[in-house]
Q: 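Attaching a single structure in structure tokens format; questions to follow.
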Amino acid sequence: MDPRTTSFLLSLQLVIFFNSPFAASETLNVVNFGAKPDAKTDSSKAFQAAWARACTSCTSASIYVPNGRFYLRHATFNGPCRSDAINIHIDGTLVAPSDFHVNANSPNWIIFHLVNGVSIFGGTLDGQGAGLWACKRSAKTCPLGATSLEFTDSKNILISGLTSLNSQIFHIVVNECHNVKMEGLKVTASGNSPNTDGIHVGLSSHVTILNSDISTGDDCISIGPGTSNLWIENVACGPGHGISIGSLGKALKEDGVQNVTVKSCRFTNTQNGVRIKSWGRPSSGFARNIRFQHLKMTNVKNPIIIDQNYCPYNKDCPGQASGIKVSDVTYQDIRGTAATRFAMTFDCSPKFPCVGIRLEDVKLSYKNGAAKALCTHVRGIVTGC
Ligand SMILES: *[C@@H]1O[C@H](CO)[C@@H](O)[C@H](O)[C@H]1NC(C)=O
């Protein structure tokens, strides 16, 4: 070929390239992929088609969900992607099936798997969990339920300004992830909804949860085995069960939890404030370097609790010494009111007593009097007890 023809073809290719949607960041409106904001047409395929396009983009890509209610039966967003910057802007609401049989065999409603650099801005997830809660409360045999939003095996994730309503079970799960930031979240489910944890973090490192408001029927934030370098700041919890490390020690071989900071959080009418809980059975796990700082408790049943004989329904309790080693836990500037006389409980493992428990400036009252502490198998309390 004549070199001039080659160069002409090359520049033609470049022109096509720069005009193609893959050249620069493009905005993919889910409506253009067939999504319908009518609350009843299943838009899962349309969302997944927009995702597939964003995922193969060689630069950054934006997915846009306009106002309206988009029914998604079940949506999986898989990586790995070519793009490592996918921004999802949501103005509307994503609605789950109200019939819990629809996703009865799936542990998830919306799940991202093996992704890198995904950010979600705004939006509302409506998990429509009330039907399943009623089933569970009636003691019938019911499915476990689907987590509303999960990131698994992923890194460099941002979830900002998202509202999550009435999940069937957990609202948001971060599992096997690295570097996840969640901020300005609003999570709401009724105080008597079973297992509706706000945010669950497990097997993950460098997770940050900031400036959020979480009211649920279960843990506000639960922290599972294998979590390290977790930072929680300015979160309001209640109603619900408070912030929990654990339950730990369910398995014999288990990764530990370390370097967790819970700072400037408020707990209102919750069952617990800050809790570390483990089953009473052997385990290789641990919880260490934990800091609880500047916390405000209002009418909280157990503002401070370490429970190493955890057994929620007192049914089939293992009844052994917990193998979980709890060490270096600092409680600093914790104030407010307890709803029971025992504002502090340290029920540690007889085999591995808690060590390095520090209490500084803990001022909790019960009916205008000083609250009490229960301590078993604890070493290294600086003040209190
Ligand atoms: C503890 O975690 C924080 C982030 O939450 C991180 O900045 C800090 O470096 C970690 N400390 C250690 C000793 O790893």
Side-chain angles (χ1 to χ4, degrees), residues 197 200-205 207 219-232 241-263 265 267 270-293 295 297 300-312 317-334 342-362 364 372-385:
D197 292 33
H200 177 79
V201 180
L203 298 170
S204 296
S205 58
V207 176
D219 290 337
C220 175
I221 298 172
S222 56
I223 300 154
T227 300
S228 62
N229 301 354
L230 170 64
W231 189 278
I232 298 169
H241 296 179
I243 295 181
S244 276
I245 296 180
S247 48
L248 304 178
K250 198 152 201 177
L252 188 58
K253 208 176 157 328
E254 192 179 273
D255 292 329
V257 172
Q258 59 187 325
N259 188 17
V260 174
T261 302
V262 177
K263 192 176 165 181
C265 294
F267 299 82
T270 50
Q271 183 197 72
N272 308 287
V274 286
R275 171 167 63 160
I276 299 174
K277 57 178 173 179
S278 75
W279 294 87
R281 62 155 63 112
S283 176
S284 62
F286 57 83
R288 63 183 179 222
N289 299 329
I290 316 288
R291 283 164 305 277
F292 298 114
Q293 301 170 314
L295 308 180
M297 307 283 169
V300 173
K301 282 203 185 105
N302 307 292
I304 292 175
I305 176 166
I306 297 179
D307 176 7
Q308 294 209 256
N309 282 300
Y310 178 68
C311 191
C317 300
Q320 293 164 273
S322 172
I324 300 293
K325 294 152 216 70
V326 176
S327 62
D328 298 309
V329 184
T330 300
Y331 300 88
Q332 195 179 42
D333 181 23
I334 315 235
F342 292 99
M344 281 191 274
T345 302
F346 297 101
D347 182 5
C348 293
S349 166
K351 202 159 173 203
F352 301 99
C354 297
V355 294
I357 308 294
R358 289 178 202 87
L359 296 168
E360 297 167 27
D361 222 354
V362 174
L364 294 163
K372 293 191 167 156
L374 272 179
C375 304
T376 43
H377 309 292
V378 194
R379 288 189 200 136
I381 298 231
V382 171
T383 56
C385 265

Q: Using 0.5 Å steps for rounding, measure from the CD1 atom of I223 to the NE2 atom of H200.
A: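 So the gap between those two atoms works out to 9.0 Å.
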Q: If every non-hydrogen atom of Y331 is compared with every non-hydrogen atom of V362, which pair is closest and at what distance?
A: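 Result for this residue pair: O-CG2, 3.9 Å.
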Q: Return the CD to CD1 distance between Q258 and I290, rounded to the nearest 0.5 Å.
A: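 Nearest 0.5 Å value for the CD-CD1 distance: 8.5 Å.
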Q: So, for I334 and F292, which heavy atoms are closest and what is the spacing to 0.1 Å?
A: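 Scanning both residues, the minimum pair turns out to be CD1-O, 3.8 Å.
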Q: With side-chain contact (heavy atoms from CB on, under 4.5 Å) as the test, would you mind laying out the steps for F346 and L359 before giving the verdict?
A: CA-CA 12 Å; F346 297 101; L359 296 168; 4.1 Å; yes
Q: Out of D307, D347, D219, which residue meets the salt bridge (Lys or Arg N to Asp or Glu O under 4.0 Å) rule with R275?
A: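 It is D219; the other options fail the test.
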Q: Measuring from Q293:CD to I232:CD1, what's the distance to the nearest 0.5 Å?
A: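 Interatomic distance, Q293 CD to I232 CD1, rounded to 0.5 Å: 12.0 Å.
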Q: Tell me the closest heavy-atom pair linking C265 and I243, and the distance in Å.
A: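 Distance-wise, the nearest heavy atoms are SG-CD1, 4.4 Å.
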Q: Nearest 0.5 angstrom please: Q271 CD to S244 OG, how far?
A: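 Those atoms lie 8.0 Å apart.
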Q: If every non-hydrogen atom of G224 is compared with every non-hydrogen atom of L248, which pair is closest and at what distance?
A: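 Distance-wise, the nearest heavy atoms are C-CD2, 4.3 Å.
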Q: Check the side chains of N289 and N259 for a donor-acceptor pair under 3.5 angstrom, ignoring hydrogens and angles.
A: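 No pair is found: no donor N or O on one side chain lies under 3.5 Å from an acceptor on the other.
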Q: So, for V378 and C348, which heavy atoms are closest and what is the spacing to 0.1 Å?
A: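 Scanning both residues completely, I find the closest heavy atoms to be CG2-SG, 4.1 Å.
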Q: One pair to check against side-chain contact (heavy atoms from CB on, under 4.5 Å): D255 and L203. What are the steps and the verdict?
A: CA-CA 8 Å; D255 292 329; L203 298 170; 3.7 Å; yes
Q: Determine, for R358 against D328, whether the closest basic-nitrogen to carboxylate-oxygen distance falls under 4.0 angstrom.
A: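 A salt bridge is present here (some side-chain N lies under 4.0 Å from a carboxylate O).
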Q: Testing the 3.5 Å rule here: is there a donor-acceptor pair between the side chains of R288 and S327?
A: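 Looking only at side-chain atoms, S327 and R288 do not form any donor-acceptor pair under 3.5 Å.
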Q: Of S278, S322, C354, which is the lone residue that meets side chain to side chain contact (heavy atoms under 4.5 Å, CB included) with S349?
A: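 In the set S278, S322, C354, the residue that makes a side chain to side chain contact (heavy atoms under 4.5 Å, CB included) with S349 is S322.
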Q: Tell me the closest heavy-atom pair linking G280 and P318, and the distance in Å.
A: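 In terms of heavy atoms, the two residues are closest at O-CB, 3.2 Å.
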